[in-house]
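Below is one structure, written out as structure tokens, with a few remarks after it.
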Amino acid sequence: MERFLNTILIGISGGSIYGLMALALVLVWRSTRVVNFAQAGQAILSTYIGYVVISHTNNYWLAFPIAILFGALIGALVDVLLIRIMLRRAHQGPVAAIAPVIATLGLLGLIRAVVGLIWGGDLRQFKLPVTNHGFTFGHTTIPFAPINLLIVVTTFLVMLVFALIFQRTNLGLSLRASAYQPEIARLSGIRVDLTRTIGWAFAGAAGAIAGILVTPTNYLAPNSLDLLLVSGFVAAVIGGLESLVGAAIGGLILGIGLAFVLEYVSSSLAFPAAFLVLIAVLLVKPAGLIGSKRVRNA
Amino acid sequence: MSGLEITNLEVNHGAIRAVRNLSFSINPGELAAVIGANGAGKTTLLRALSGLKHVHSGDAKWQGISIINKKPENLVRSGIVHVSDGKAVIPELSVKENLALSGIWRKDKKDVAKATAEVLDLFPILAARLAQSADSLSGGERQMLAIGRALIARPSLLLLDEPSLGLAPLIIEQIFSAINSLRHTYELTVLLVEQNATSALQIADIGIIINLGELVTVGPSHILLNDPALRAAYLGY
Amino acid sequence: MRKKQFRTNLIFIAIGIVLFLASNRVDELRVYQGATVAVYVVAISAIILLTGYSGQISLGHGALMAVGGYAAVLSRNGWHLPVWLSFVAAVLAAALFGAILGVAAGRLTGPYLAGTTLALAVGLPSLANQFHFLGGEQGLNYDVGQPPLSLGQDFTQYHWYFWIAGSAALIMTWLVHNVLGSRYGRNWRAARSQPTAAALAGIHLGRSKVLAFTISAGIAGLAGALLAMTLSLVTPSAFPLSLSFAIVTGAVLAGVTLLTGSIVGAVVLVAIPELTDALATHLGGSERVTANLPGLMMSALLIVSVLFFPNGPRLFRR
């Protein structure tokens, strides 16, 4: 029983990070109908900037908002420099489907290479902001530490904030309108390009949060968030790319599912397990768990 | 204050010159019906005026200022509102949210509330369906929603693209009578593109007939309605 | 049509002869790279079929290559099959896998399909770590044997690799070319660009998609077997996620529908790391630069090419 509960706890913490990454991917998807493979690249770059702040000030809590800010900035830059061009040159034919995928994959490689050039490939460590040692109740220490609590609470807050923005504010209305019908949005006076840039900035911020939260318990290297890209994407697809809540739920399902496989089956079957979870969900609901009734083609 | 002045307008649609050497003008407050067969270039004309389409050459002025090759979002802020054909509402949003779109950029929120109330008065069926998704509206209701949204932006020039498309005759009558009354209430200048030529000319001051992108004739609508040659060619009787 | 077919066949034969003559005059490294190019040519043509013609995206072809590679190795080691037969096993095994995947993926589009294939790319190769008979992390050895003595003393192992890979690539490309030009190829293109019309014309969309996946997987399987040959080894690390990305990259560089472009894409994939290595050394050669410059250039090239030349280099535009 204890093992069961521990596994769930581990799954929740890991799943929250996947959920954050998935959130970033869903934000971009909803605003631009593009899967941003470069999300992990943007996140690692923001995390490195956080690292720079920490190494100069030894203050994680200062690095946190700065990394987020840079994440937003980088996201906005990507939209302005790359995506705008891509949308303007929207092509017909076979390439149209994969051109955005390729472009963002290329961007991922580019950012990774730049990060490698600037900081090199050595593994670095982040100081933990709060302890890694599990909460202790009497004699038992559960595998859930303050750092995990921080991760889960932050994810929840981020999701709440974004959900509120999307559903209750004019900005959120603009974001949704611009994503669903950009032309009608334009004709209603909405600055669609600016709105889209804001969506990318939000996504960049979410990715940065994921990076800066997960790195203290891991290590920092140009490729340390790669697996997060895959898990984030899988989580986003499980949740159905259309909903922020879905992203969080998808993350949790994936996190908990993986935790169980890792604990009860085998520690090296994580990725095949992820694949099976994904396929299982998509076979039943090809548009993800909370996918919209209209399955939008990419 | 001058109205809409189109001079030698040339607009491409893909490889085709959809609008050729078009010139006409409308006085403020007038309702001009743009009539022509399918593919005549009417929609392209509206899209050029609302900034959705690039103008190759020529000019269009509204109240003395050129409006060609500008961003649609900016033209809306200058009072030019285009209700596009067919898909003028966002089905994924609710009726209330669709109406709220126009209010996002407007600074005078009090007036936005006032305008919204006026629109709900004009189209009571929308008030009944505020919380529903626009997806669930009938064709006529969607058209009312689209026009309502346009009105909340407090336009001075209203561009309507085939509002009667796909609607039942009874609904068409309702829509047209609504258009006629609101253009007087709000002192709008209206450019109404239609295939339903008779209904359009009946509420219009001026008729503009276009064929294959070129101007065929411009004139007071009652004259066009009664000209037998034009009637035979474009109105079918 | 027959005349065109005859001419095409002649071209293939001519290319083959040229390649084999040239390979005798070229040094070891180039010959080995040539074998790698052949691997990529086959892999890229798999994507051209699946994505360019059938319109389905796959980020997991590295995993399909892995299936082929492991199948070739296992069948040769276990049943002592001759090399060419192990290649056939590779194609069949991968095709079977592709069929299953195609059925599962049939209802998926766009990002959902991309996500599934991505998860496959990461998940499948790591399975080998789990099962002992798949060799675990060390992998399994693949020995295609020495070149026959009749080819002379100077004929090295690498030359042999090149001959095998080159001829396999040539044959496979010829086959793919014919398939793409056949009724199936036309059906795929119709289903991709106008699915409703195609369905009304009697094309069974679901079956068409699964067929594309199956054949594409089989092709990838051969590429995997050839890769295993050049490495003399199969391990999970021979089929990383970056391989799947590289293949798609090569296909885009090729202009996703042009089979001739697959050679361009393959050459670029092999040449860039080489060229940027040289450039990096020239620029001072700190470790950071050498490690990251290839990636930088490749990525930049990719972005530029997909934005500005999505249909391939102008040379190949018909």
Side-chain angles (χ1 to χ4, degrees), chain A residues 26-27 29-33 80 84 87-93 163-199 240-246 287-288 290-297, chain B residues 14 43 46-47 49-54 70-94 96-107 109 112 133-136 142 145-155 157-161:
Chain A
V26 169
L27 279 170
W29 174 256
R30 290 189 73 182
S31 66
T32 322
R33 289 279 168 260
V80 170
R84 230 167 253 202
L87 290 176
R88 210 168 286 155
R89 303 179 71 93
H91 296 282
Q92 305 297 40
L164 283 174
I165 292 179
F166 262 77
Q167 294 300 328
R168 297 285 168 91
T169 64
N170 271 347
L171 174 60
L173 186 58
S174 304
L175 282 163
R176 285 185 291 141
S178 307
Y180 293 136
Q181 299 279 358
E183 191 176 278
I184 297 180
R186 265 187 229 276
L187 291 178
S188 304
I190 297 175
R191 295 205 186 281
V192 168
D193 288 331
L194 179 61
T195 307
R196 198 186 57 243
T197 305
I198 293 178
L241 287 168
E242 303 293 337
S243 130
L244 300 180
V245 173
I290 312 189
S292 62
K293 290 193 195 84
R294 320 146 173 257
V295 177
R296 288 173 173 274
N297 285 325
Chain B
T43 297
L46 287 191
R47 291 173 71 85
L49 293 178
S50 66
L52 290 175
K53 244 194 172 340
H54 176 78
K70 299 249 160 77
K71 273 190 166 179
E73 310 80 285
N74 292 333
L75 289 176
V76 171
R77 284 160 173 74
S78 313
I80 302 176
V81 180
H82 175 183
V83 180
S84 53
D85 57 339
K87 321 177 291 175
V89 303
I90 301 186
E92 294 90 340
L93 300 179
S94 71
K96 187 168 181 210
E97 287 172 327
N98 267 281
L99 290 173
L101 290 178
S102 288
I104 295 178
W105 61 268
R106 292 199 58 210
K107 296 202 172 66
K109 303 295 177 192
V112 169
S133 110
D135 205 2
S136 61
R142 284 197 209 196
L145 177 56
I147 295 176
R149 187 194 69 232
L151 290 176
I152 296 176
R154 293 281 190 225
L157 173 63
L158 189 60
L159 308 172
L160 294 173
D161 200 342

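In terms of heavy atoms, Gly189(A) sits closest to Arg77(B) at O-NH1, 2.7 Å. Residue Glu73(B) comes nearest to Val192(A) through the heavy atom pair OE2-N, 4.1 Å, listed as atom of the first residue, atom of the second, then distance.
Interface remark: Leu101(B) contributes backbone and side-chain atoms alike to the contact with chain A (heavy atom separation under 4.5 Å). With a 4.5 Å cut-off on non-hydrogen atoms, Leu93(B) touches chain A through its side chain but not through its backbone. Contacts between Ala150(B) and chain A at a heavy-atom distance below 4.5 Å are absent for every atom of the residue. Of the atoms belonging to Arg186(A), heavy atoms from both backbone and side chain fall under 4.5 Å from chain B.
Here Asn74(B) is the residue among Leu75(B), Asn74(B), Asn98(B) with the most heavy-atom pairs under 4.5 Å with chain A.
Within the 4.5 Å cutoff, no side-chain heavy atoms of Glu183(A) are placed close to those of His82(B).
To the nearest 0.5 Å, atoms CG (Leu52(B)) and CG (Leu187(A)) are separated by 4.5 Å. Here the straight-line distance linking atom CD1 of Ile90(B) with atom CD1 of Ile184(A) works out to 5.5 Å at 0.5 Å rounding.
Crowding of Lys70(B) atom NZ: a count of heavy atoms from other residues, nucleotides or ligands under 6.0 Å exceeding 12.
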